[in-house]
Amino acid sequence: MSSAWVVVADTSRARIFSAERPASSLIEIETLSHPEGRLHKGELVTDRPGRGRTNGARSHDIGGQGDAKEEETSRFASEICHTLEAGRLKGRYKKLYVIAAPGFLGALRKHRKSALQQLIAEEIPKNLAAHDIDEIRQSLPRYL
């Protein structure tokens, strides 16, 4: 079992690192990819929203491009939390540090189980998913 895991994520990529000892360097153990997170709203929806009819003469839009982007963000946040929960259940770490793009951090919070929440030592609202390991480590406390 490692001392801590560090997850660094944005809407299209999550990297999970392990630190064996509180002052050790990070070792990347898993990468999750979600290419749909890089797409723009218009690229996620292939045609225009449907139209709905009420009893009157008026109609209204059903669904929309914003819904598709939020759905993809939620889907990836759920996948990340599932991976972290599986690691927790196997006893692979004692503490968890979460570094995520500020908007994505909220999506992750919605999908975390309370047992996983209790292991979180710190959340850092930064988008470092594409940064190198040294930059990521510098954003964390000296002793994990």
Validation row: [X], [Y] side chains within 4.5 angstrom (heavy atoms):
X: Ile136; Y: Arg15; answer: yes
X: Ser74; Y: His111; answer: yes
X: Leu140; Y: Leu26; answer: yes
X: Arg92; Y: Ile29; answer: yes
X: Tyr97; Y: Phe17; answer: no
X: Ile80; Y: Phe104; answer: yes
X: His131; Y: Ile99; answer: no
X: Ile120; Y: Arg109; answer: no

Can you tell me how far apart [atom1] ([X]) and [atom2] ([Y]) are? Round to the nearest 0.5 Å.
X: Leu89; Y: Leu116; atom1: CG; atom2: CG; result: 9.0 Å
X: Gln138; Y: Asp132; atom1: CD; atom2: CG; result: 8.0 Å
X: Gln118; Y: Lys95; atom1: CD; atom2: NZ; result: 15.5 Å
X: Thr11; Y: Glu70; atom1: OG1; atom2: CD; result: 12.5 Å
X: Arg88; Y: Gln117; atom1: CZ; atom2: CD; result: 12.0 Å
X: Glu30; Y: Ser18; atom1: CD; atom2: OG; result: 12.0 Å

Counting distance only, does the side-chain N/O of Arg21 pair as donor-acceptor with the main-chain N or O of Ser25 below 3.5 Å?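 Checking the backbone N and O of Ser25 against the side chain of Arg21, no donor-acceptor pair under 3.5 Å is found.
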Looking at residues at least two apart in the chain, or sitting in another chain, which of them share a side chain to side chain contact (heavy atoms under 4.5 Å, CB included) with Ala130?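 Once residues adjacent in sequence are excluded, the partners of Ala130 under the side chain to side chain contact (heavy atoms under 4.5 Å, CB included) criterion are Arg13.
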State, to 0.1 Å, how close Ala9 and Ala129 come at their nearest heavy-atom pair, and which atoms those are.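 Closest pair (atom of Ala9, atom of Ala129, distance): C-CB, 4.1 Å.
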Treating Ile, Leu, Val, Met, Phe, Trp and Tyr as nodes and any side-chain heavy-atom pair under 4.5 angstrom as an edge, say whether [X] and [Y] lie in one connected cluster.
X: Val7; Y: Phe76; result: yes
X: Leu108; Y: Leu32; result: yes
X: Trp5; Y: Leu119; result: yes
X: Ile133; Y: Ile124; result: yes

Does the pair Arg75/Glu71 count as a salt bridge with the N-to-O cut at 4.0 Å?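 Salt bridge: yes.
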So Arg137 and Leu144, side-chain contact (heavy atoms from CB on, under 4.5 Å) or not? Walk me through it. CA-CA 10 Å; Arg137 185 64 178 99; Leu144 303 177; 3.9 Å; yes
Thr73: side-chain hydrogen bond (donor to acceptor under 3.5 Å, both in side chains) partners, not counting sequence neighbours: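 Scan of Thr73 (side-chain hydrogen bond (donor to acceptor under 3.5 Å, both in side chains), adjacent residues dropped) gives none.
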